[in-house]
Amino acid sequence: MASHNDTVFAFGSNGSGQLGLSHFEDISTPEQSSLSGCTVKQIAAGGNHTLMLSEDGNVKLQGDDGHDQTIVRYLSEVDWRVAQLSATWNASMLLLQSGKVLVCGEGQNGELGLGSEISHITSCMAHSVTVLSNGEVWGWGNGRQGQLGEPAEIVWSPRQIQGLTFSAAKVVCGKDFTCVFGNRRESGQVAMFGPKRDRFDLHLNLPSMVVPGWKDVATSWGSIYILRDDGELLGFGRNDHGQLPPPDLPPIEAIAAGSEHCLALTKAGKVLAWGWGEHGNCGEPTDSNGDVKGRWNEVEVPYSVRAVFAGCATSLIVTSAHIEHSGGQG
Amino acid sequence: MADNIYDEIEIEDMTYDPTLQIYHYPCPCGDRFEISIDDLRDGEEIAVCPSCSLMIRVVFEVDELPKPEGGSAVQTAATQVVAA
């Protein structure tokens, strides 16, 4: 269709300015609307707002803005092209040309299709899992080891993990499994999904309850760490590189699990590292296999440590120091 | 399982790169385990990571590997010769 500038005339209810006029009066004679000025593809109307889609994929909004103007402004910033519009009483649906749908506005009866709010998200090598505010657990990605529940298969869009008998508070993911924890204070419940091929006896060794409770939980690709309120660190699963907590650890404040190693911040503020350290990610020394096994290294940084994080043979220590950065190196 | 074998991975879980003619799978060091399809056809089953000491054993059946493209071409050529 050749591009031209349409002129739109509107009449009727206008108490919220939904006709796009220069006033808020109801009218019975058509007047020129500010929705004019582009090639109109579609107009959709909600209870008190009007959405107009132009042939070039832009959206205009008139009337009760609610949350809607936010997203129209957002669209113009990211330049996402809209293919089609629809509206409920007080919400707008924008089908993008990419096949995704943006929703905005009010959804007191599910109008936005967003389900419960997501309260927690985690990922491992090839799957991601979320905890919803209603305690359900949903995941997607590679589920061939049962890490996304049954049936064990690749899951292309989010799917609820079935068979959970309690309300989830937190979830952690290993490479081939998902471990769900219930409310930390009341139940201490734990549930495992996957791995079907359980080489490191996670199902056998992981307790079904963590009582008197956990402060934090973490997973490497094959091990599960449970930090208790009193600073004791429990570990289950893979230990061939010394991934599990070594004996006689001091009280721990926080933990971070990498792919096959673990960092701990002690209550005394020291950083400890152990496990597979072939790339230097557990500090020095390591044994001839590159492991820090059955013991730990203390890793020193010249500032007060605030937090620890870990990745695939990477370790990161956050300090509260304020240092001028030159930036841009490497 | 030998200590230096990090994992046993079914070939269905590996990614095939048709350009490099290799199967690969993520290594916990951040690089990836790799093995060429020709090595698999020869019965080799250990995929190695170029950046660290870890290795995986690939679980597969030689008969179920994709057939080499050259194979069918040779077959066609031979058939054509006979037909000529």
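All of these numbers come straight from a predicted model, not from anything done at the bench. Each chain gets a letter, A, B and so on, in the order its sequence line appears, and its residues count up from 1.
- Among A/Gly290, A/Cys312, A/Ala313, A/Gly258, the residue making the largest number of heavy-atom pairs under 4.5 Å with chain B is A/Cys312.
- Within a 6.0 Å radius of CD in B/Glu12, other residues, nucleotides and ligands contribute more than 12 heavy atoms.
- Heavy atoms of other residues, nucleotides or ligands lying less than 6.0 angstrom from CD1 of A/Ile118 number 12 at most.
- Note that CD of A/Gln145 is 7.0 Å distant from CG of B/Asp13, once rounded to the nearest 0.5 Å.
- No more than 12 heavy atoms of other residues, nucleotides or ligands lie within 6.0 Å of CZ in A/Arg306, so this atom counts as exposed by the packing criterion.
- Ranked by heavy-atom pairs shorter than 4.5 Å toward chain A, the options B/Ser51, B/Cys52, B/Cys27, B/Gly30 are led by B/Cys52.
- Judged purely by atom type and a 3.5 angstrom limit, A/Arg197 uses its side chain to pair as donor or acceptor with the backbone of B/Glu8.
- Using a 4.5 Å cut-off between heavy atoms, A/Asn142 contacts chain B through its side chain alone, with no backbone atom that close.
- Applying the 6.0 Å contact sphere to OH of B/Tyr16 captures more than 12 heavy atoms from other residues, nucleotides or ligands.
- At least one side-chain heavy atom of B/Leu54 sits under 4.5 Å from a side-chain heavy atom of A/Trp276.
- A 6.0 Å sphere centred on CD of B/Glu61 holds no more than 12 heavy atoms belonging to other residues, nucleotides or ligands.
- To the nearest 0.5 Å, atoms NE2 (A/His279) and OG (B/Ser53) are separated by 7.5 Å.
- Atom SG of B/Cys29 and atom CD of A/Glu278 lie 7.5 Å apart (nearest 0.5 Å).
- To the nearest 0.5 angstrom, B/Ile5 atom CD1 is 11.5 Å from A/Asp240 atom CG.
- With hydrogens and angles ignored, the 3.5 Å screen pairs no side-chain donor or acceptor of A/Glu260 with any backbone N or O of B/Pro28.
- Counting non-hydrogen atoms of neighbouring residues, nucleotides and ligands closer than 6.0 angstrom, the CG atom of A/Asp248 reaches no more than 12 such neighbours.
- Between B/Tyr6 atom OH and A/Arg238 atom CZ the span is 5.0 Å, to the nearest 0.5 Å.
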